[in-house]
Amino acid sequence: MDAALLLNVEGVKKTILHGGTGELPNFITGSRVIFHFRTMKCDEERTVIDDSRQVDQPMHIIIGNMFKLEVWEILLTSMRVHEVAEFWCDTIHTGVYPILSRSLRQMAQGKDPTEWHVHTCGLANMFAYHTLGYEDLDELQKEPQPLIFVIELLQVDAPSDYQRETWNLSNHEKMKVVPVLHGEGNRLFKLGRYEEASSKYQEAIICLRNLQTKEKPWEVQWLKLEKMINTLTLNYCQCLLKKEEYYEVLEHTSDILRHHPGIVKAYYVRARAHAEVWNEAEAKADLQKVLELEPSMQKAVRRELRLLENRMAEKQEEERLRCRNMLSQGATQPPAEPPAQPPTAPPAELSTGPPADPPAEPPTAPPAELSTGPPAEPPTAPPAELSTGPPAEPPAELPLSPGHSLQH
């Protein structure tokens, strides 16, 4: 079909490849739109950048949620269900596509798409956008260009027809849901359902991180969100301690303290993780830091120190028993077998012929002649000459270093 200007939107052309069914859906705010897409360059090869079908994971956005690539909402709201259309979009609409593409690829790999924003200043974030981790996206970001999107609209759900995921909520809704998730996590933790509790804390953390990316780093609102994230992360670490995932606890708490070295709870939680993996010196150092920052926690610190002492004593006893067992096993080992004797040559076969001649005897030397003279005396050394001078003095002793004593 001929390309047509789409809804009088500058820099967008649409070509319908396959007609859809029914009427144009009612795209109201909060509607969920599910679709497959393929992104291509406008070169002769129509180089494919992304294809949701290759990862078997359709895309979905929420209408009115200020999606990163705003033009997609314009494209989708022009389509019917099951319609397939090709859209040419000029550079004015595609400048942020490399950033969106990176997030989509991270999600397809099961990673947190907002993780790269955490704990970076504004300058670091600026450089982060120039190193997206994918060569094709870095190239596309340095030289923005028009792109082609082939989209197949699969489904449109009204806001009341589906359970909205937290990352699809509006900013206001995310702020409202975070304390709910926090409280639910605390309730599940008290019930001993640590896996479920950790999921609630993680969900709340993702909401806050998403909100934090929209704030300027280290300003008031950003710091407020950072404080909430740290609190939830430490609750998450409490769940990890219960699940015996101690090294992950060390990683999270160390990350918090690297940027916020005054958080007492982070030292306390990290000390407990150090104690569980036999890091005695590190555990004691963290507990000492807890006392310095919060003297009122003296009772809790003493309890942890007693537990640490008992744990180290148990480890030493285990090591002692292990060494004893190794020595006893070595003493009861059977003696080593003597080395095998080399095989002996088989006896020579008896000969039936004439007897062999005996081997010739070596010639003997003639007997020495007897001497009739006196026996020779051994040579004697000439007598030493006597010295007529004074006796030689003994060698001088080395002086002692200052401060040394000859006493035993």
Side-chain angles (χ1 to χ4, degrees), residues 1 3-9 11-40 46 48-89 93-94 96-114 147-174 176-177 180-181 199 202-203 206-207 210:
M1 295 185 182
L5 187 67
L6 172 63
L7 302 178
N8 294 322
V9 178
V12 177
K13 294 180 181 180
K14 174 182 178 180
T15 302
I16 298 176
L17 304 179
H18 184 276
T21 58
E23 300 294 328
L24 194 69
N26 187 17
F27 295 98
I28 63 174
T29 299
S31 297
R32 180 175 67 177
V33 183
I34 304 174
F35 60 98
H36 272 299
F37 74 95
R38 182 167 69 253
T39 305
M40 300 178 292
R46 291 169 66 92
V48 176
I49 301 172
D50 294 302
D51 190 339
S52 62
R53 287 195 179 277
Q54 287 186 353
V55 295
D56 195 25
Q57 187 173 333
M59 180 70 181
H60 66 272
I61 67 172
I62 306 300
I63 299 297
N65 258 24
M66 295 180 65
F67 187 66
K68 286 181 180 178
L69 195 66
E70 295 181 8
V71 72
W72 270 11
E73 188 169 313
I74 298 173
L75 307 182
L76 289 164
T77 53
S78 75
M79 300 178 69
R80 291 175 170 80
V81 176
H82 303 308
E83 178 182 327
V84 181
E86 179 178 300
F87 298 89
W88 176 90
C89 295
H93 299 294
T94 62
V96 297
Y97 183 79
I99 299 171
L100 169 65
S101 177
R102 181 194 187 281
S103 296
L104 296 178
R105 294 180 187 186
Q106 293 286 93
M107 292 170 64
Q109 296 171 11
K111 299 179 181 178
D112 178 5
T114 66
L147 296 175
I148 296 171
F149 302 108
V150 177
I151 297 177
E152 178 185 358
L153 182 58
L154 301 176
Q155 185 177 331
V156 179
D157 296 324
S160 58
D161 293 343
Y162 68 95
Q163 179 65 40
R164 298 178 69 182
E165 297 179 20
T166 51
W167 68 273
N168 277 328
L169 301 176
S170 66
N171 292 350
H172 178 68
E173 290 170 327
K174 286 174 183 174
K176 288 178 64 177
V177 79
V180 176
L181 292 169
S199 296
Q202 278 184 305
E203 195 173 351
I206 290 173
C207 282
N210 186 272

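Computation of the quantities below employed the complete heavy-atom set of this structure, encompassing side-chain atoms and omitting hydrogens, waters and symmetry-equivalent molecules.
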K.L.:
Side chains of residues 80-88: which donor-acceptor partners sit under 3.5 Å, not counting sequence neighbours?
P.N.:
{"residue": "R80", "atom": "NE", "partner": "G22", "partner atom": "O", "Å": "3.1"}
{"residue": "E83", "atom": "OE1", "partner": "R80", "partner atom": "N", "Å": "3.0"}
{"residue": "E83", "atom": "OE2", "partner": "K14", "partner atom": "NZ", "Å": "3.0"}
{"residue": "E86", "atom": "OE1", "partner": "R46", "partner atom": "NH2", "Å": "2.9"}

K.L.:
Kindly indicate, with the supporting measurements, whether the criterion side-chain contact (heavy atoms from CB on, under 4.5 Å) is fulfilled by F37 and L75.
P.N.:
CA-CA 11 Å; F37 74 95; L75 307 182; over 6 Å; no

K.L.:
Got a second to check how far R105's CZ is from I49's CD1, nearest 0.5 Å?
P.N.:
8.0 Å

K.L.:
With rounding to the nearest 0.5 angstrom, report the NZ to SG distance, K176 to C207.
P.N.:
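Reported value, rounded in 0.5 Å steps: 13.5 Å.
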
K.L.:
CD1/I148 to OG1/T94 distance, rounded to the nearest 0.5 angstrom?
P.N.:
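Separation between the atoms: 11.5 Å.
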
K.L.:
Quick one: list whatever passes side-chain hydrogen bond (donor to acceptor under 3.5 Å, both in side chains) with Q155, sequence neighbours left out.
P.N.:
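With sequence neighbours excluded, Q155 shows a side-chain hydrogen bond (donor to acceptor under 3.5 Å, both in side chains) to D157, given in chain and number order.
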
K.L.:
Mind checking side-chain contact (heavy atoms from CB on, under 4.5 Å) for V48 and listing every partner two or more places apart, or none if nothing turns up?
P.N.:
R38, M40, D51

K.L.:
Any non-hydrogen side-chain atom of D50 less than 4.5 Å from a side-chain atom of L104?
P.N.:
no

K.L.:
Rounded to the nearest 0.5 Å, what's the gap from CD1 on I206 to NZ on K174? Could you check?
P.N.:
10.5 Å

K.L.:
Test side-chain contact (heavy atoms from CB on, under 4.5 Å) on Y162 and I62; report intermediate values, then the result.
P.N.:
CA-CA 11 Å; Y162 68 95; I62 306 300; 3.3 Å; yes

K.L.:
First locate atom SG of C89, then atom CD1 of I74, and finally report the distance between them rounded to the nearest 0.5 Å.
P.N.:
8.5 Å

K.L.:
For a quick test of reading the model, state the closest non-hydrogen atom pair linking T77 to E73 and the distance between them.
P.N.:
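Taking every non-hydrogen atom into account, OG1-O, 2.9 Å.
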
K.L.:
Apply side-chain hydrogen bond (donor to acceptor under 3.5 Å, both in side chains) to S52 and list each qualifying residue two or more places apart in sequence or on a separate chain.
P.N.:
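In terms of side-chain hydrogen bond (donor to acceptor under 3.5 Å, both in side chains), with neighbours along the sequence ignored, S52 is linked to H36.
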
K.L.:
By side-chain hydrogen bond (donor to acceptor under 3.5 Å, both in side chains), which residues pair with T39, not counting sequence neighbours?
P.N.:
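Checked T39 against side-chain hydrogen bond (donor to acceptor under 3.5 Å, both in side chains); matches are Y97.
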
K.L.:
Just wondering, more than 12 heavy atoms not from D161 lying within 6.0 Å of its CG?
P.N.:
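Check passes, neighbour count above 12.
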
K.L.:
Output the distance between atom CD1 (I63) and atom CG (N26), rounded to the nearest 0.5 Å.
P.N.:
10.5 Å

K.L.:
Taking only residues two or more places apart in sequence, or in another chain, which ones meet F35 in a ring pair (Phe, Tyr, Trp, His ring centres under 6.0 Å)?
P.N.:
W72

K.L.:
So, the side chain of S31 versus the backbone of F27: is there a donor-acceptor pair under 3.5 Å, distance only?
P.N.:
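Not confirmed, S31 side chain does not pair with F27 backbone.
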
K.L.:
Please identify each residue that fulfils salt bridge (charged side-chain N to carboxylate O under 4.0 Å, His left out) with E203, with sequence neighbours left out.
P.N.:
none

